[in-house]
Amino acid sequence: MNNNKKAGKVTAQALTAGMLIAASAMTVNASPLAGATGSTASTLTAINSTSNHSSLNSATQETSTYTTTSGVSQYLSKMLQESKQEASTKTTTSTENTDASTTDSNVETNQETAVAASPYASIGVANVTDYAYIRTAADANSDYAGKLHAGQVATVTGEEGDWYAITSGDVTGYIAKQYLTVGDEALIQSVTVTTATVNADSLRVRTAPSTDARVLTMVAGTTEYTVFDTATEGWVGIQTPAGNGYVSAEFVSVATSYHYAESKDAETARLAAEKAAAEAEAKKKEEAAAKKAQSKKTSTTNSSKSSSKSYSSPSGSNGSAVVSYASQYVGNSYSYGGSSLTNGTDCSGFVMSVYSAFGVSLPHSSSGMRSVGTGVSTSEMQAGDIVCYNGHVGIYTGNGTIVNALNKKSGITYTDVNYAKIVAVRRVL
C-alpha cells in the first residue's frame with residue numbers, strides 16, 4: 001500500500017469514527033489528505049493556528065472563499081463552516097470584552113482625574129515666618145511686585161523652574177517654590193477666615209448646639225461674626241462679646257476668605273503714612289515736653305520731679321466722646337499683651353480699655369473685635385468706630401486717621417486709616 005492509499009485509509013477511518021475534529025487538528029502539519037485539495041488543508045491549518053484576534057480574522061478571511069472539493073464530504077464542509085462561525089463569535093465576544101474593559105478603564109481614569117482635581121490643588125500658603133518677595137520675573141535679582149506674609153495665600157497659575165507663577169489679591173508675579181506650600185488642605189483651612197452674617201432681625205445665641213440649651217445672648221441682623229465651628233449639622237458656632245455660642249444655620253450666611261499679599265505700592269503708601277504719623281507724633285511729644293517744662297512748679301526742696309499727668313473722665317456717650325477720651329493717652333507706651341492706658345497696652349488692649357470706660361465690654365483680641373457691635377462700610381465710618389486690620393485694631397478719629405497703640409517705637413499714636421487693608425469696621429455705640 002503506497003503512502004497515498006494509507007493516508008486515504010486513515011481519513012476514512014476518522015470520518016467513520018466521528019473524529020472529524022481530531023482530523024482537523026491532525027492535518028495542521030500534515031500533507032493534504034487523499035481526495036482533498038491543498039486549499040482544504042491550508043484552510044484547516046489557518047483555523048487551528050489562530051491564537052490571537054488578528055490571526056483569527058486572517059483565518060476568517062481565508063475561509064470566506066472556501067468551496068468543498070471532490071472527495072470531501074458535505075459533513076466536513078459543514079463542520080468547517082461551524083468552526084468559522086464559532087471563531088467569529090469568540091472574536092466578537094473578545095472584542096466586546098476588550099471594549100468593556102477599555103470603557104471601565106476610561107471610567108476609572110476619569111474618576112481618578114476628578115479626584116485629583118482638588119479645589120485646593122492650586123492654592124498655596126506662605127511658608128515663611130515673616131514674608132517672602134513676589135518677584136516680577138522668575139529671577140531673584142528682579143524687582144518685587146509685592147510681599148507674601150505668613151498666613152497669606154496665593155493661587156498658582158504656572159511654574160518656571162524653581163519658581164511658581166502666582167496671583168494673590170491684586171499682586172501677580174513669581175515666588176520661589178521653597179516659600180510656598182501648595183495643595184495642603186489642612187494648612188489652607190487653618191488660615192481661612194470664616195464669618196457668619198445674621199439674616200434675621202435678631203437671633204438667639206445658645207451655649208450649645210441645641211434648642212434646649214441656655215440662651216447666651218441675642219445678636220442683631222446684618223451683623224458679622226467670626227466662626228469657630230461649622231461641623232455641627234444645623235448649627236454654626238460664632239464668637240460674640242458675650243462668649244462663644246451657637247446659632248441656627250438657617251438664619252446666617254457663612255462665607256470664607258483669605259488674607260492676600262501686599263503690593264509694593266500699598267507697602268510704600270503704608271510706610272509713608274507710618275513715617276508721617278511717627279514724625280507728627282514726635283513733634284507732638286517735643287511740644288508737650290516743652291509745655292510741661294514751662295509749667296513745672298518750683299518747690300522748696302528744689303525737686304526736679306515733674307508733676308503727674310492727669311486724665312479726664314469720659315464726657316458723653318457718642319463716638320466723638322470716645323475719640324476725645326482715647327486721645328488723652330497719645331504718647332503713652334505700648335506693651336504687648338498689656339491693657340493699661342497709662343503704663344502700657346497693645347492695640348486690642350487699648351481699644352478694650354477705652355470702651356470699658358464707657359461701659360462697653362470688648363474682647364482683648366484684634367480678630368475677636370471683628371464681630372462686635374454692628375458692621376459698617378468704610379464709606380460710612382464715623383468717629384469712634386473700631387477699625388480692624390489683619391492683626392491690628394484702632395479707633396477711627398473721623399479725620400482720616402485712627403488713634404491706636406501701634407508698636408513699641410511709636411506707642412499710642414495717630415495713624416492713617418488706610419495704612420493697611422481694612423478687614424472690618426464695627427460700631428458699638
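Since the model is a prediction, treat every value here as computed from it, not as a measurement.
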K.L.:
Find out whether V252 and T197 are in side-chain contact, i.e. whether some heavy atom of one side chain is under 4.5 Å from a heavy atom of the other.
P.N.:
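SC-SC contact between V252 and T197 ruled out.
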K.L.:
What distance separates I238 CD1 from N244 CG, expressed to the nearest 0.5 Å?
P.N.:
9.0 Å
K.L.:
Looking at side-chain heavy atoms only, is the closest gap between H259 and V193 below 4.5 Å?
P.N.:
yes
K.L.:
So which heavy atom on D139 is nearest to which on S142, and how close?
P.N.:
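Taking every non-hydrogen atom into account, O-OG, 2.7 Å.
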K.L.:
How many angstroms lie between OG in S315 and CZ in F358, if you round to the nearest 0.5 Å?
P.N.:
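Reported value, rounded in 0.5 Å steps: 8.5 Å.
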K.L.:
Do N404 and T415 meet the criterion of a side-chain donor-acceptor pair at a distance under 3.5 Å?
P.N.:
yes
K.L.:
If you measure only the distance, is there a donor-acceptor pair under 3.5 Å linking the side chains of N318 and S320?
P.N.:
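The answer is no; no qualifying pair exists.
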K.L.:
Distance only, no hydrogens: is a donor on one side chain within 3.5 Å (strictly under) of an acceptor on the other, for Q189 and Y120?
P.N.:
yes
K.L.:
V322 and I395: side-chain contact (heavy atoms from CB on, under 4.5 Å), yes or no, with the steps?
P.N.:
CA-CA 9 Å; V322 171; I395 299 173; 4.2 Å; yes
K.L.:
Any chance you could lay out the side chain to side chain donor-acceptor pair (under 3.5 Å) test for T397 and N399, step after step, and finish with the verdict?
P.N.:
CA-CA 6 Å; T397 64; N399 58 355; 2.2 Å; yes
K.L.:
Kindly indicate whether the side chain of W235, heavy atoms from C-beta on, has any atom under 4.5 Å from the side chain of R206.
P.N.:
yes
K.L.:
Salt-bridge test for K177 and E159: reply yes if a basic N is under 4.0 Å from a carboxylate O, no otherwise.
P.N.:
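Judged by the 4.0 Å cut-off on N to carboxylate O distance, K177 and E159 do form a salt bridge.
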K.L.:
So how far is it from K147 NZ to Y131 OH, rounded to the nearest 0.5 Å?
P.N.:
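Output value for this atom pair is 3.5 Å.
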K.L.:
Quick one: are P363 and V372 in side-chain contact, heavy atoms under 4.5 Å?
P.N.:
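P363 reaches V372 side chain to side chain.
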K.L.:
Report the C-alpha distance between Y419 and Y389 in whole Å, list the side-chain angles of each, state the deciding distance to 0.1 Å, and finish with yes or no for ring pair (Phe, Tyr, Trp, His ring centres under 6.0 Å).
P.N.:
CA-CA 10 Å; Y419 91 95; Y389 306 89; 4.9 Å; yes
K.L.:
Determine, step by step, whether I412 and L406 satisfy the side-chain contact (heavy atoms from CB on, under 4.5 Å) criterion, reporting the C-alpha distance in whole Å, the side-chain angles of both residues, the deciding distance to 0.1 Å, and the verdict.
P.N.:
CA-CA 6 Å; I412 299 174; L406 185 60; over 6 Å; no
K.L.:
Looking just at side-chain N and O atoms, do D346 and H364 make a donor-acceptor pair shorter than 3.5 Å?
P.N.:
yes
K.L.:
Quick one: are L203 and M218 in side-chain contact, heavy atoms under 4.5 Å?
P.N.:
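Not in contact.
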K.L.:
Answer yes or no: does atom CG of D130 have more than 12 heavy-atom neighbours from other residues, nucleotides or ligands under 6.0 Å?
P.N.:
yes
K.L.:
For the residue pair V125 and D184, establish whether any side-chain heavy-atom pair is separated by less than 4.5 Å.
P.N.:
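Result no, sub-4.5 Å side-chain heavy-atom pair not found.
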K.L.:
Quick one: closest heavy-atom pair of A150 and T129, and the distance?
P.N.:
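Where A150 meets T129 most closely, the heavy atoms are CB-O, 4.0 Å.
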K.L.:
Any donor-acceptor pair under 3.5 Å linking the side chain of S410 with the backbone of N407?
P.N.:
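It does not hold such a pair.
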K.L.:
So I166 and Y174, side-chain contact (heavy atoms from CB on, under 4.5 Å) or not? Walk me through it.
P.N.:
CA-CA 6 Å; I166 64 167; Y174 297 83; over 6 Å; no
K.L.:
For atom CZ of R204, decide whether the heavy atoms of other residues, nucleotides or ligands shown that lie under 6.0 angstrom number more than 12.
P.N.:
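It does not: R204 CZ has 12 such atoms or fewer within range.
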K.L.:
Are K283 and E279 close enough for a salt bridge, meaning some N to O gap below 4.0 Å?
P.N.:
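Salt bridge: no.
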K.L.:
Distance to the ring centre below 6.0 angstrom and angle to the axis at most 45 degrees; does that hold for K264 and Y144?
P.N.:
yes
K.L.:
If you look at every heavy atom in W163 and I175, which pair is closest and at what distance?
P.N.:
CE3-C, 3.4 Å
K.L.:
Do T401 and D416 have a side chain donor and acceptor closer than 3.5 Å?
P.N.:
no
K.L.:
Just wondering, more than 12 heavy atoms not from D162 lying within 6.0 Å of its CG?
P.N.:
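Result for CG/D162: open.
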K.L.:
Mind running salt bridge (charged side-chain N to carboxylate O under 4.0 Å, His left out) on K291 and E287 for me, showing each step along the way?
P.N.:
CA-CA 6 Å; K291 185 177 180 180; E287 293 174 350; over 6 Å; no
K.L.:
Side chains of T194 and T226: closer than 4.5 Å at any heavy-atom pair?
P.N.:
no
K.L.:
Can any side-chain N or O of Y396 pair as donor or acceptor with the backbone N or O of G400 at less than 3.5 Å?
P.N.:
yes
K.L.:
Side-chain contact, heavy-atom cut-off 4.5 Å: F350 with V403?
P.N.:
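Sidechains of V403 and F350: in contact.
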K.L.:
Counting only heavy atoms from other residues, nucleotides and ligands, does the tally under 6.0 Å from OH of Y336 exceed 12?
P.N.:
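It does not: Y336 OH has 12 such atoms or fewer within range.
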K.L.:
Compare every heavy atom of V330 with every heavy atom of E281, then report the nearest pair and how far apart it is.
P.N.:
OE1-CG1, 3.1 Å
K.L.:
Using the side chain to side chain donor-acceptor pair (under 3.5 Å) rule, take N199 and S253 through it: C-alpha gap first, then chi angles, then the decisive distance, then the call.
P.N.:
CA-CA 7 Å; N199 296 328; S253 298; 2.7 Å; yes
K.L.:
Quick check with a 6.0 Å cut-off and a 45 degree axis cone: is K408 positioned over the face of Y334's six-membered ring?
P.N.:
no
K.L.:
In Å, rounded to the nearest 0.5 Å, how long is the span from CE of M369 to CG of L362?
P.N.:
5.0 Å
K.L.:
Ignoring hydrogens and geometry beyond distance, is a side-chain donor-acceptor pair present between S379 and S377 at under 3.5 Å?
P.N.:
yes
K.L.:
Roughly how far apart are T378 OG1 and K421 NZ, rounded to 0.5 Å?
P.N.:
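The distance works out to 11.5 Å.
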K.L.:
Run the ring-centre check on Y246 versus F228 and record whether the distance is less than 6.0 Å.
P.N.:
yes
K.L.:
To the closest 0.5 Å, what do you measure between OG1 (T192) and CG (L187)?
P.N.:
9.0 Å
K.L.:
With distance as the sole criterion, is a donor-acceptor pair present between the side chains of D229 and T232 under 3.5 Å?
P.N.:
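T232 and D229 do have a side-chain donor-acceptor pair below 3.5 Å.
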K.L.:
Using the rule given for side-chain contact (heavy atoms from CB on, under 4.5 Å), can you reason through Y258 versus I123, listing the C-alpha separation, both sets of side-chain angles and the distance that settles it, and then say yes or no?
P.N.:
CA-CA 11 Å; Y258 303 104; I123 299 178; 4.3 Å; yes
K.L.:
Is it the case that the side chain of S353 and the backbone of S339 share a donor-acceptor pair, with hydrogens and angles ignored and the cut-off at 3.5 Å?
P.N.:
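Looks like yes, one N/O pair under 3.5 Å.
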K.L.:
Between the side chains of R370 and E224, is the shortest nitrogen-to-carboxylate-oxygen separation below 4.0 Å, so that they form an ion pair?
P.N.:
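Result for this pair is no, no salt bridge flagged.
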K.L.:
Without hydrogens or angle criteria, can the side chains of S327 and Y325 be said to hold a donor-acceptor pair below 3.5 Å?
P.N.:
no
K.L.:
Please give me the minimum heavy-atom distance between C388 and S366, naming the atom from each residue.
P.N.:
SG-O, 4.4 Å
K.L.:
Would you say T136's side chain and D143's backbone share a donor-acceptor pair under 3.5 angstrom?
P.N.:
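Checking the backbone N and O of D143 against the side chain of T136, a donor-acceptor pair under 3.5 Å is found.
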K.L.:
On a heavy-atom basis, which atom in S168 and which in A154 lie closest, and how many Å separate them?
P.N.:
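It is CB-CB, 3.8 Å.
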K.L.:
Take atom CD of E233 as the centre, draw a 6.0 Å sphere, and report whether it contains more than 12 heavy atoms from other residues, nucleotides or ligands.
P.N.:
no
K.L.:
Would you confirm whether Q382, through its side chain, and G398, through its main-chain N or O, come within 3.5 Å as a donor-acceptor pair?
P.N.:
no
